[in-house]
**Q** 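Below is a structure I'd like to ask you about.
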Amino acid sequence: MTAPHATTAQLSLSADEARRIALRAQGLLGAPDRRAGVRGLLRRLGAVQLDTISVLARSHELVPYARLGAVGRQAVETAYWSGGHSFEYWSHAACVLPVEEWPHFAFRRRAMRARGHRWHQLKDRDGACAAVRDRLEAEGPLTTTELGGGKNGGEWFDWSETKIAVEWLLDTGEVVCGERRGWKRVYDLAERAVPDALLHDDIDDRECVRRLVAQAGTAMGVATEADLADYHRLKREQVATVVADTELVPVEVAGWARPAWADPAALATAPRGRHRTTLLSPFDSLIWDRPRTLRMFDFTHRLEAYVPRPKRVHGYFAMPLLAGGKLMGRVDPGREGETLIARQLSLRTAGAAEPMARALVEAASWAGCTRVRLERLEGAAADARGALEAEVAHALREAG
C-alpha cells in the first residue's frame, strides 16, 4: 500500500492488495474467530442471504461453513434463531441480520408504509392485520400455517389474506421474523421480539443509509460506491450523498475504473494469514455482486438455478472454489445418500485439482457424506481427471 504524500492525496492500492483486504474483511483470510462463532460472523458481515435452495445445505449455513469450517448445521441454526440475536428482513435480499441493525432499516420500513403494499393488496387491510395482531398477541409466535395457511389454493403466489397481512406487517415493522422453524418463518410482535433499546424508528432516512453504508464498507474492506449500494440494495445516489460522512476513506485501486472507499481499520495493517480453501455458496456476500466479483477475481459468476436446463453453462447450483485467495474453479454438487456428486466441474488451471479435491472432501464430510464421485469434468479439469481423482482419493483417506 502506498501512503499519501499530502493530506489531499489518496491512498493507492494494487488490485492484489484490494482483493486481500476484501478477503480479510469477509473472514476468508487469516485465522477464523471461532470464539465469536456464527453470531460474531453475522455481526461482521452485517447480512447473510437466505434462499430456499438446498443442495448440500442452505446458503445461510454454507456462509459460516466457508469461514469457520465444520461448524455443525444445528449449531448454525441455533446461533441465528435463538436468544433474540437476529431477525430476517430485506437487505441485499431476504437476509438474516444482527438485531442491532433493526433501527437502521427504519428508512425501508417507512418506504414500505408509504408505498402501501409489496406485491399483493389486501381487500380488507385493517381487518386482516388486526386479526393477525390479535392472534400473535394472544398465542405468541406463530408460523403462517398456524395462523391459518398461506395459500388460497392456486399458484404459489396466490397468497391468502392472512399471509398477505402478516407479510405486510413484517415489511412495515409491526411484526418480526426472528426464527425459522422447518424453513417456515415464525412471526412475532416487534414489541416482544426486539429489545426495547432498539425498538424505534427514530433515525431519519439519511442517517439510516449512512450507517448501512459504513457497515457495508467495513464488511467489504474496500469498495466502489456501486459496491456499497449493492450490499444492502441501496440506491447509488443515496450512497453518494452520505459516503463522505462515514469514516471510510477514498482510495484508488489499480485497474478499477471508478474511485473506491476503504475501511481505515482495514488499511492499518497488511492482510496476512492463511487463505481459506473452500466452496462458496452462489449467494455468499463475497461474490453476490457479479460486477464486483468479475472486477476483483476476473471470474464470471452467475446462479443458473432459474435458467432452463438446456441453457445452463455451469450447472444448477455451481459453487465457486476459493483457494489461495482466488476463484480457481467451480462445481455443481449433488448428493445421493452418503455420496457427494460433482455433477459438473471446471478448473481454471490443472494446478487447482488439489485444492478442489480438498474442498470437495471437506464439504462432503461436513454434509455427512463419506464418498465423492466425479461426473462431468470440463476444460482443465478434464485434462487433469487422473490427478483430480487421485487427489480426491488421497483426501478421503486422510479424512478417515
**Q** Checking T293 now: which residues fulfil side-chain hydrogen bond (donor to acceptor under 3.5 Å, both in side chains) with it, not counting sequence neighbours?
**A**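 Here no residue qualifies.
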**Q** Please list, chain by chain and in numerical order, all residues satisfying side-chain hydrogen bond (donor to acceptor under 3.5 Å, both in side chains) with D204, sequence neighbours excluded.
**A**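 With sequence neighbours excluded, D204 shows a side-chain hydrogen bond (donor to acceptor under 3.5 Å, both in side chains) to no residue whatsoever.
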**Q** Is a side-chain donor or acceptor of Q26 paired with a backbone partner of A219 at a separation under 3.5 angstrom?
**A**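 Yes.
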**Q** Less than 3.5 Å apart, any donor N or O on the side chain of T145 or K184 sitting next to an acceptor on the other?
**A**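 Looking only at side-chain atoms, K184 and T145 do form a donor-acceptor pair, the distance falling under 3.5 Å.
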**Q** Using the test salt bridge (Lys or Arg N to Asp or Glu O under 4.0 Å), find all partners of E179 that sit at least two apart in sequence or belong to another chain.
**A**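 Result, salt bridge (Lys or Arg N to Asp or Glu O under 4.0 Å) vs E179: R181.
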**Q** Can you tell me which residue pairs pass the side-chain hydrogen bond (donor to acceptor under 3.5 Å, both in side chains) test with a partner in residues 240-268, sequence neighbours excluded?
**A**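 Qualifying pairs, neighbours excluded: R206-D245.
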**Q** Are L11 and L267 side-chain neighbours, meaning at least one heavy-atom pair lies under 4.5 Å?
**A**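 Answer yes - side chains close enough.
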**Q** State, to 0.1 Å, how close V99 and L198 come at their nearest heavy-atom pair, and which atoms those are.
**A**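 Shortest heavy-atom contact: O-CD1, 3.5 Å.
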**Q** What I'd like to find out is whether the side chain of P32 reaches to under 4.5 Å of the side chain of R274, using heavy atoms alone.
**A**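 Touching, per the 4.5 Å side-chain cut-off.
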**Q** Would a 4.5 Å heavy-atom cut-off, applied to side chains only, mark E225 and V243 as touching?
**A**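 Of all side-chain heavy-atom pairs linking V243 with E225, at least one is under 4.5 Å.
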**Q** Measure the spacing between CG of L142 and CZ of R135 and express it to the nearest 0.5 Å.
**A**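 Going from CG on L142 over to CZ on R135, the span is 5.5 Å.
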**Q** Return each pair, listed once, that meets side-chain hydrogen bond (donor to acceptor under 3.5 Å, both in side chains) where at least one residue sits in residues 377-390; pairs must be two or more places apart or across chains.
**A**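 The answer is Q344-E378, R376-E378, R385-E389.
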**Q** Would V63 end up clustered with V55 when hydrophobic side chains under 4.5 Å apart are linked, directly or stepwise?
**A**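 V63 and V55: separate clusters.
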**Q** Using a strict cut-off of less than 4.0 Å between a Lys/Arg side-chain nitrogen and an Asp/Glu carboxylate oxygen, indicate whether R133 and E174 qualify as a salt bridge.
**A**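 Counted as a salt bridge, because a side-chain N and a carboxylate O are separated by less than 4.0 Å.
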**Q** Could you go through S86 and R43, starting from their C-alpha distance and side-chain angles, then the distance that decides it, and tell me whether this counts as side-chain hydrogen bond (donor to acceptor under 3.5 Å, both in side chains)?
**A** CA-CA 9 Å; S86 62; R43 289 191 297 271; over 6 Å; no
**Q** Which residue pairs pass the side-chain hydrogen bond (donor to acceptor under 3.5 Å, both in side chains) test with at least one member in residues 98-110, sequence neighbours excluded?
**A**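 Listed once each, the pairs are E101-H104, H104-R211, R109-D201, R110-D205.
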**Q** Is there a continuous path of hydrophobic side-chain contacts, each under 4.5 Å between heavy atoms, that joins V361 to L347?
**A**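 Same cluster: V361 reaches L347 through Ile, Leu, Val, Met, Phe, Trp or Tyr contacts under 4.5 Å.
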**Q** Please give me the minimum heavy-atom distance between I287 and P320, naming the atom from each residue.
**A**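 Taking every non-hydrogen atom into account, CD1-CG, 3.7 Å.
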**Q** For the aromatic rings, using the six-membered ring if either is Trp, is the centroid distance between W288 and Y231 under 6.0 Å?
**A**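 Yes, the ring of W288 comes within the 6.0 Å limit of the ring of Y231, centre to centre.
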**Q** Could you pull out all residues at least two apart from R276 that satisfy salt bridge (Lys or Arg N to Asp or Glu O under 4.0 Å)?
**A**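 Partners of R276 under the salt bridge (Lys or Arg N to Asp or Glu O under 4.0 Å) test: E362.
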**Q** Within this structure, what is the CG-CG distance for the pair L327 and D298, rounded to the nearest 0.5 Å?
**A**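 Between atom CG of L327 and atom CG of D298 there are 10.0 Å.
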**Q** Is there a salt bridge (charged side-chain N to carboxylate O under 4.0 Å, His left out) between E61 and R58? Walk through the geometry before answering.
**A** CA-CA 5 Å; E61 299 169 312; R58 294 196 190 276; 5.9 Å; no
**Q** D171: what forms a salt bridge (Lys or Arg N to Asp or Glu O under 4.0 Å) with it, not counting sequence neighbours?
**A**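 Per chain and number, D171 pairs via salt bridge (Lys or Arg N to Asp or Glu O under 4.0 Å) with R118.
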**Q** Looking at side-chain heavy atoms only, is the closest gap between L234 and F107 below 4.5 Å?
**A**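 Yes, side chains in contact.
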**Q** Output all residues satisfying side-chain hydrogen bond (donor to acceptor under 3.5 Å, both in side chains) with D227, sequence neighbours left out; order by chain, then residue number.
**A**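 T224, R292, R295.
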**Q** Is there a continuous path of hydrophobic side-chain contacts, each under 4.5 Å between heavy atoms, that joins V71 to V48?
**A**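 Yes: a chain of side-chain contacts under 4.5 Å links V71 to V48.
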**Q** Could you list the donor-acceptor pairs under 3.5 angstrom formed between side-chain atoms of residues 392-400 and any protein atom two or more places apart in sequence or on another chain?
**A**
| residue | atom | partner | partner atom | Å |
| --- | --- | --- | --- | --- |
| H394 | NE2 | E398 | OE2 | 3.2 |

**Q** Among the clusters formed by ILVMFWY side chains lying less than 4.5 Å apart, do L170 and V186 turn up in the same one?
**A**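 No, it is not one cluster - the side chains of L170 and V186 are not joined through contacts under 4.5 Å.
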**Q** Give a yes or no on whether the backbone of D230 and the side-chain of H92 come within a donor-acceptor separation of less than 3.5 Å.
**A**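 The answer is yes, because a donor-acceptor pair under 3.5 Å joins these two groups.
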**Q** Quick one: are L280 and L62 in side-chain contact, heavy atoms under 4.5 Å?
**A**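 Side-chain contact under 4.5 Å: no.
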**Q** Run the side-chain hydrogen bond (donor to acceptor under 3.5 Å, both in side chains) test against E88 and tell me which residues pass, sequence neighbours left out.
**A**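 Partners of E88 under the side-chain hydrogen bond (donor to acceptor under 3.5 Å, both in side chains) test: R180, R185.
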**Q** Hey, are the side chains of E304 and V313 touching, using non-hydrogen atoms and a 4.5 Å cut-off?
**A**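 Contact flag for E304/V313 side chains = yes.
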**Q** How far apart are the closest heavy atoms of C369 and R335, and which atoms are they?
**A**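 Looking at all heavy atoms of both residues, the closest pair is SG-NE, 3.5 Å.
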**Q** Is there a donor-acceptor contact under 3.5 Å from the side chain of S281 to the main chain of F283?
**A**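 A pair under 3.5 Å: yes.
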**Q** Using the test salt bridge (Lys or Arg N to Asp or Glu O under 4.0 Å), find all partners of R358 that sit at least two apart in sequence or belong to another chain.
**A**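 Partners of R358 by the salt bridge (Lys or Arg N to Asp or Glu O under 4.0 Å) criterion, ordered by chain and then number, come out as E354.
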**Q** At their closest point, which heavy atom of G46 faces which heavy atom of P98, and how far apart are they?
**A**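 Closest pair (atom of G46, atom of P98, distance): O-CD, 3.3 Å.
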**Q** Carefully, step by step, assess H232 and L212 under the rule side-chain contact (heavy atoms from CB on, under 4.5 Å).
**A** CA-CA 7 Å; H232 291 294; L212 290 177; 4.0 Å; yes
**Q** Any side-chain heavy-atom pair from F87 and W81 closer than 4.5 angstrom?
**A**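 No, every pair of side-chain atoms sits at 4.5 Å or beyond.
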**Q** Is it the case that the side chain of D124 and the backbone of G127 share a donor-acceptor pair, with hydrogens and angles ignored and the cut-off at 3.5 Å?
**A**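 Side chain of D124 to backbone of G127, a donor-acceptor pair under 3.5 Å: yes, one is there.
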**Q** Between E167 and Y187, is any side-chain donor less than 3.5 angstrom from a side-chain acceptor?
**A**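 Per modelled atom types, E167 and Y187 side chains form a pair under 3.5 Å.
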**Q** Taking atom CG of L322 and atom CE of M328, what is their separation to the nearest 0.5 Å?
**A**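 Separation between the atoms: 10.0 Å.
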**Q** Any chance you could measure L321, atom CG, to T278, atom OG1, to the nearest 0.5 Å?
**A**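 Between atom CG of L321 and atom OG1 of T278 there are 8.5 Å.
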**Q** Within 45 degrees of the axis of the six-membered ring of W168 and under 6.0 Å from its centre: does R125 put its NZ or CZ there?
**A**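 Yes; both conditions hold, so R125 lies above the ring face of W168.
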**Q** Would you say L248 and V242 are hydrophobically clustered, going by side-chain heavy atoms of ILVMFWY under 4.5 Å?
**A**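 Shared cluster, yes.
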**Q** For the residue pair L360 and L374, establish whether any side-chain heavy-atom pair is separated by less than 4.5 Å.
**A**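 Counting from C-beta outward, L360 and L374 do come under 4.5 Å.
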**Q** Which heavy atom of C129 sits nearest a heavy atom of A165, and at what distance?
**A**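 Minimum heavy-atom contact is N-CB, 4.0 Å.
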**Q** Does the pair R373/E375 count as a salt bridge with the N-to-O cut at 4.0 Å?
**A**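 Salt bridge between R373 and E375, a charged N being under 4.0 Å from a carboxylate O: yes.
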**Q** Where is the tightest heavy-atom contact between A266 and I21, given as atom of each residue plus distance?
**A**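 Nearest heavy atoms, A266 then I21: CB-CG2, 3.8 Å.
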**Q** Please confirm whether the backbone N or O of G27 pairs with a side-chain atom of R67, one donor and one acceptor, at under 3.5 Å?
**A**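 Not at all, since once roles are kept as given, no pair shorter than 3.5 Å links the two residues.
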